[in-house]
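In what follows, a structure is listed as structure tokens, so that the remarks can point back to it.
The chains referred to below are lettered A, B, ... by the order of the sequence lines, with proteins before strands, and numbering in each begins at 1.
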Amino acid sequence: MEWETVIGLEIHAQLATRSKIFSGASTAYGAEPNTQACLVDLGMPGVLPVLNEGAVRMAIKFGLAINAQIAPRSVFARKNYFYPDLPKGYQISQFELPVVGHGQVTIDLEDGQRKVIGVTRAHLEEDAGKSLHEDFHGMTGIDLNRAGTPLLEIVSEPDMRSAKEAVAYMKKIHALVRYLEICDGNMQEGSFRCDANVSVRPKGQHAFGTRAEIKNINSFRFVERAINYEVERQIDVLEGGGKVVQETRLYDPDKGETRSMRGKEDSHDYRYFPDPDLLPLEIAADTIEAVRATLPELPDAKRSRFVDHYGLPEYDATVLTASRELADYFEAVAKACGEAKLAANWVMGELSGALNKAGLEITESPVSSDALSGLLARIIDKTISGKIAKEVFEAMWNGEGDADRVIEQKGLRQITDSSAIEAAIDAVIAANPTQLEQYRGGKDKLFGFFVGQVMKATQGKANPAQLNELLKQKLDG
Amino acid sequence: MSLNREDVVKIAHLARLAIDEQSVPEYARNLSSILDFVATMEQVDTHAIAPMAHPLDLAQRLRADAVTEEVDRETCQAIAPQVEAGLYLVPKVIE
């Protein structure tokens, strides 16, 4: 039987506020345990939550970016469960009336098609603390620094049909929150993570199959692997005549499998009710307009502009707008050197390659956008060839100075003097009479051999176009 | 509305309350009578009335996003039964 996969994601994005959602404690990452857990975060008796305006504005920003309705009135609710990293015995979240209503984002599929994915809602809530299960002589250690950090939970419609679509959607939301500067997107530190709801159904069937929820996946790669594993598992169960159980599962990256979380039969009985400690959140139309005025150019708009304004191919524009920092870098280079396609090729090619290899972000690049445009200017004015430029780039990457300095020091200036190139060609032809005879006898492929020899003789510095032209004349002459 | 024995046991479990077996019928009776009392209100026609989320008809005040709390960990942890390396220690919980 042919099966269809149905996936919905719940993404948790930690909002980049300075203080917590309901208290004035710091949210900075990496502090000593429990030095950022104040009395409110610890759930001490008598304390009251006071909502952070910054977190609300960030939620509005996200809502506007996905064309969603911002609720004029939303309500905070208590989600009740017991776990030691949740000191109050409930998490303050939103249930019936979330701050952000239905919206959508467009994702790019591998075949070049686009697909609209619905976002059901996004709501504000507080994060829990962290449990450390090792090394405490049979006890569990609790660090509550993260407790109370604002989260935006972004819930998608079950619109995705493959693990790849789910990853594309997650990447899109990731790019969006970073463009909006509402989340640092750091997945290793847990600032951006997701739960995946996965089910399968016979192709053509309208009703959804029973779903399993895979919890707390914190990398794009794991999302894809966890979903693919889960889909195979469910198909095996169904084809073996069994039934999929609705349950929560954990992905184990070491084993590459999902497994059932035990003893969670009550976990969905959260008994939500409006939090009596918080009044309804009312958002006025002028607040929404004020936030709208702060929206940056978003990835889709930027991509269209890169295509229209710089004449870039769709693919280049998509790659270059994947992050705001990369797009800014590209634009700085393109503007300075005046040749957008050349800039795109270098940013996506040499530069991205070197960054990947070194495990660096674009913002950490040892070659600045100014430095790169300086190099490209020397290609454009024909001081060096594209090939030599790669050598210069490497030297720049290694801190040997700017393009002009490297070119001078290494003597890489391109040879454009025809007589010098001709002299080199004559010498090569004289040294290779056999090849010359074969070439003239019809073995055209040997042209490349001669080009190589002349380049070698000039240490790669002969202007390639001139070399080709002069060589052709001489060989055919 | 009346709660049966299983309802009471489940509610007690969700609230992590230990109740003794003999008191279950009494809890069931008392809790049911609370629900019945509240159910009296269902006789009123509330169609045109927007549900309230809070008894006060006010909106939430917001605070500026600024760090205002200095955490004195020692004082906070003075009442904890067990701490180590700055962490609160609790009986092992693992899922």
Side-chain angles (χ1 to χ4, degrees), chain A residues 17-20 23-28 32-42 44 50-57 73 75-77 80-84 89 96-97 131-133 136-144 250 261-264 266 269 271 274-276 278-282, chain B residues 1 3-4 6-19 31 34-35 38 41 46 49-95:
Chain A
T17 53
R18 285 181 284 272
S19 64
K20 294 193 175 168
S23 83
S26 169
T27 55
E32 283 294 301
N34 293 308
T35 54
Q36 290 175 175
C38 73
L39 299 177
V40 175
D41 308 325
L42 293 174
M44 289 291 175
V50 189
L51 184 56
N52 183 338
E53 184 187 15
V56 173
R57 295 180 80 90
R73 178 174 172 274
V75 170
F76 285 92
N80 299 281
Y81 66 94
F82 289 106
Y83 205 73
E96 284 170 316
L97 297 167
S131 306
L132 302 150
H133 297 293
F136 299 103
H137 21 163
M139 310 273 286
T140 293
I142 306 291
D143 177 7
L144 295 169
L250 267 185
M261 287 167 77
R262 285 164 292 138
K264 294 288 280 186
D266 298 326
D269 206 341
R271 295 149 295 141
D275 191 331
L278 288 156
L279 290 154
L281 169 63
E282 289 184 2
Chain B
M1 184 180 173
L3 296 176
N4 61 29
E6 286 75 50
D7 295 329
V8 172
V9 170
K10 189 179 176 205
I11 293 165
H13 171 66
L14 285 172
R16 300 295 186 273
L17 292 173
I19 54 174
L31 289 170
I34 292 170
L35 292 176
V38 176
M41 283 194 287
T46 55
I49 300 170
M52 295 175 81
H54 198 279
L56 297 178
D57 192 13
L58 295 168
Q60 178 64 38
R61 290 280 297 271
L62 305 178
R63 43 168 265 276
D65 177 26
V67 177
T68 54
E69 292 292 316
E70 286 295 319
V71 175
D72 175 2
R73 186 172 72 184
E74 298 238 321
T75 306
C76 290
Q77 295 195 329
I79 56 165
Q82 219 176 328
V83 293
E84 189 176 313
L87 300 162
Y88 294 90
L89 293 194
V90 299
K92 189 141 195 154
V93 272
I94 218 161
E95 283 167 342

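Of all the listed residues (B:D65, B:L62, B:L56), the one sharing the greatest number of non-hydrogen pairs under 4.5 Å with chain A is B:D65. Across A:D143, A:D275, A:V75, A:T35, the residue that shares the most heavy-atom pairs under 4.5 angstrom with chain B is A:T35. Of the listed residues (A:A25, A:A28, A:G54), the one with the most heavy-atom contacts under 4.5 Å to chain B is A:A25. Among B:R63, B:E69, B:H54, the residue with the largest count of heavy-atom pairs under 4.5 Å with chain A is B:R63.
In this structure, chain A has a heavy atom under 4.5 Å from the side chain of B:Q77, while its backbone stays farther away. Looking at A:L281, both its backbone and its side chain come within 4.5 Å of chain B, counting heavy atoms on both sides. For A:Q36, the part sitting under 4.5 Å from any heavy atom of chain B is the backbone (N, CA, C, O) and nothing else. Contact annotation for A:A77: neither backbone nor side-chain heavy atoms come within less than 4.5 Å of a heavy atom of chain B. No part of A:L97 comes within reach of chain B, as not one of its non-hydrogen atoms sits under 4.5 angstrom from that chain. For A:R73, the part lying under 4.5 angstrom from a heavy atom of chain B is the side chain only. With a threshold of 4.5 angstrom between heavy atoms, A:S23 approaches chain B through N, CA, C or O but not through any side-chain atom. The contact between A:P84 and chain B is made entirely by side chain atoms (from C-beta outward), counting heavy-atom distances below 4.5 Å. For a residue to count as touching a neighbouring chain, one of its non-hydrogen atoms must lie under 4.5 Å from one of that chain's; by this rule B:A53 touches chain A with backbone and side chain alike. Only the side chain of A:V56 comes within less than 4.5 Å of a heavy atom in chain B; its backbone stays farther off.
Residues A:Y81 and B:L14 are not in side-chain contact: their nearest non-hydrogen atoms beyond the backbone lie 4.5 Å or more apart. Residues A:V50 and B:R61 are not in side-chain contact: their nearest non-hydrogen atoms beyond the backbone lie 4.5 Å or more apart. Between B:C76 and A:L42 there is a side-chain heavy-atom pair separated by less than 4.5 Å. Put simply, the side chain of B:R73 reaches to within 4.5 Å of the side chain of A:E32, judged on heavy atoms. The side-chain heavy atoms of A:T17 and A:K20, taken from C-beta on, include no pair separated by under 4.5 Å. Residues B:V67 and A:T27 fail the side-chain proximity criterion, which asks for heavy atoms closer than 4.5 Å. Counting only heavy atoms from C-beta outward, the side chains of A:E282 and B:Q60 never approach each other to under 4.5 Å. Side-chain contact between A:T140 and B:L89 is absent, with no heavy-atom pair separated by less than 4.5 Å.
When all heavy atoms of B:A64 and A:N52 are compared, the closest pair comes out as C-OD1, 4.4 Å.
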